[in-house]
There are 2 protein chains.
Amino acid sequence: MTTHTAMEPNGKDVTNILRTAGLRPTRQRVSLAELLYSKGDRHISAELLHEEAVAADVPVSLATVYNTLHQFTEAGLLREVAIDGNKTYFDTNVSDHHHFFIEGENRVIDIPGEGVGIGAIPEAPEGMEIVRVDVVVRVREKR
Amino acid sequence: MTTHTAMEPNGKDVTNILRTAGLRPTRQRVSLAELLYSKGDRHISAELLHEEAVAADVPVSLATVYNTLHQFTEAGLLREVAIDGNKTYFDTNVSDHHHFFIEGENRVIDIPGEGVGIGAIPEAPEGMEIVRVDVVVRVREKR
DNA sequence: ATTTGTGCAAATCGTTTGCATCTGA
DNA sequence: TCAGATGCAAACGATTTGCACAAAT
């Protein structure tokens, strides 16, 4: 009986999720997943997650963080948010929703509730199909 | 009399536009502006514009292309479109409109007409004001 | 034992910058 | 003249990759 599937509130779930996604639940993947999902919805960059991991005594290399984030994204556990141009954010909220982007601070936050709705979704060009609609509301500190 | 302001259909306009924007109409700026605006609305990357310039016998350095694109953007002659994450596109259409992003091809095209309308624009977070709303409809080749 | 993941450092890619040299007004 | 522009090459920051080593099944 090697199935040491302890009953830590998160550990177990995460392990299963990873397994289901076809990813071996390695130390670093489990730890990163816990960091990602234990604090509600987040929009995090690879670099920041790496720092958090190191701070949490989970030494992972930056390369592994990148790998992991991409694997999670492919597995549908994360959503890549391309907003800024020079940095990639990963969103732990995979459901359909949109974002505020705070200029200056370079922060991304979810638009709460059903705040936005596209009026009319345009038809895709000939031979194309819509994959997703992203709405980014850019805001800045009011002065 | 050095004011050789010829009456080339574009040359003149461009020169004036630049002057109005407070930019000296230098050889390369005028050429780049012509490349940008002589073909209708475009979504172009620095690299591509650079190639076009070189191809058009207007040797400009890539650095100058970047500088110029940013100056034009500040002057309101261009609009930066952050869609892709790893590349910046500059849109010659400065009016309010949205985009299709063709995955795989990494191409950006305008959404024609009044195809999209945000249903309800959400209120900005406390102390923030909305700068702009960007809608990107990601499409892929239908199979 | 095999397969898959990880870490490191080097490589890449797009973009920016420093600085000496030109150019337009 | 002389501030402002340009070109080049080096600097940069984010991300990726190659490969030897380690861990999971």
Side-chain angles (χ1 to χ4, degrees), chain A residues 1-6 11 14-16 18-33 43-51 53-54 57-75 78 80-90 106 108, chain B residues 1-6 11 14-16 18-33 43-51 53-54 57-75 78 80-90 106 108:
Chain A
M1 149 264 241
T2 40
T3 21
H4 137 56
T5 311
V14 166
T15 298
N16 285 332
L18 291 179
R19 238 186 264 282
T20 303
L23 297 170
R24 287 217 296 227
T26 65
R27 244 182 271 312
Q28 20 288 73
R29 293 216 268 236
V30 171
S31 301
L32 291 176
H43 306 84
I44 200 172
S45 67
E47 194 131 8
L48 184 53
L49 180 58
H50 181 236
E51 284 171 23
V54 172
D57 277 306
V58 184
V60 214
S61 75
L62 186 53
T64 296
V65 171
Y66 274 105
N67 289 336
T68 304
L69 287 173
H70 286 139
Q71 292 156 350
F72 282 14
T73 301
E74 274 167 46
L78 287 175
E80 228 171 309
V81 186
I83 280 190
D84 183 352
N86 54 308
K87 217 165 211 158
T88 304
Y89 293 89
F90 293 86
N106 278 31
V108 179
Chain B
M1 147 279 237
T2 41
T3 22
H4 137 56
T5 309
V14 165
T15 299
N16 285 333
L18 291 180
R19 238 187 264 286
T20 304
L23 297 170
R24 284 218 298 230
T26 64
R27 240 182 273 311
Q28 20 286 76
R29 292 217 268 235
V30 171
S31 301
L32 291 176
H43 306 83
I44 200 172
S45 68
E47 195 131 6
L48 184 53
L49 181 56
H50 180 237
E51 282 170 24
V54 172
D57 276 305
V58 184
V60 214
S61 74
L62 186 53
T64 297
V65 171
Y66 273 105
N67 289 336
T68 304
L69 287 172
H70 287 140
Q71 292 155 352
F72 283 14
T73 300
E74 274 166 47
L78 287 176
E80 228 172 308
V81 185
I83 279 191
D84 182 353
N86 53 308
K87 218 167 211 156
T88 304
Y89 293 89
F90 293 85
N106 279 31
V108 179

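Each chain gets a letter, A, B and so on, in the order the sequences are listed, and its residues count up from 1.
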Q) Hey, which of these two, Gly22(B) or Ala63(B), hits DNA chain D nearer its 5' end, going by closest nucleotide? A) Gly22(B)
Q. OP1, OP2 of dA23(D) versus side-chain N and O of Arg27(A): anything below 4.0 Å?
A. no
Q) Which nucleotide in the set dT15(D), dG7(C), dT4(C) lies at the smallest distance from any side-chain heavy atom of Ser61(A)? A) dG7(C)
Q. Below 4.0 angstrom from OP1 or OP2 of dT6(D), is there any side-chain N or O of Thr26(B)?
A. yes
Q: Give me the one residue out of Thr68(A), Val60(A), Val58(A) that meets side chain to side chain contact (heavy atoms under 4.5 Å, CB included) with Ser31(A).
A: Val58(A)
Q. Rounded to the Å, how far apart are Phe72(A) CZ and dG5(C) P?
A. 11 Å
(Q) Measuring to OP1 and OP2 of dT3(C), would you say a side-chain N or O of Arg24(A) lies under 4.0 angstrom away? (A) no
Q) How many angstroms lie between atom CZ of Arg29(A) and atom CZ of Phe72(A), to the nearest 0.5 angstrom? A) 7.0 Å
Q.
Looking at every heavy atom in both Val14(B) and Ala33(B), which two are closest together, and how far apart are they?
A. CG1-CB, 3.5 Å
Q) Between dT15(D) and Thr88(A), is there an OP1 or OP2 to side-chain N/O distance shorter than 4.0 Å? A) yes
Q: Ignoring backbone atoms, test whether Gln28(B) places a side-chain nitrogen or oxygen under 4.0 Å from the OP1 or OP2 oxygen of dG7(D).
A: yes
Q | Distance in angstrom units between Leu62(B) CG and dC13(C) P, rounded | A | 14 Å
Q: Starting from P on dG14(C), measure out to CG on Leu48(B) and report it in whole angstrom.
A: 12 Å
Q: Answer yes or no: does a side-chain N or O of Arg19(B) lie under 4.0 Å from OP1 or OP2 of dA25(C)?
A: yes
Q. Quick one: is His70(A) getting a side-chain N or O under 4.0 Å of the dT16(D) phosphate, OP1 or OP2?
A. yes
Q.
What is the separation between atom OH on Tyr66(B) and atom P on dT6(D), rounded to the nearest whole Å?
A. 16 Å
Q: For Gln71(A) and dT15(D), give me the distance from atom CD to atom P, rounded to whole Å.
A: 16 Å
Q) Roughly how far, to the nearest 0.5 Å, is CG of Leu69(A) from OG1 of Thr64(A)? A) 10.5 Å
Q. To the nearest angstrom, how far is Leu23(A) atom CG from dT6(C) atom P?
A. 9 Å
Q. Quick one: which of dA3(D), dT6(D), dT17(D) gets closest to the side chain of Thr68(B)?
A. dT6(D)
Q | Between dA23(D) (C1') and Leu18(A) (CG): distance, integer Å | A | 15 Å
Q) So which nucleotide from dA24(D), dT6(D), dT15(C) ends up closest to the side chain of Thr64(B)? A) dT6(D)
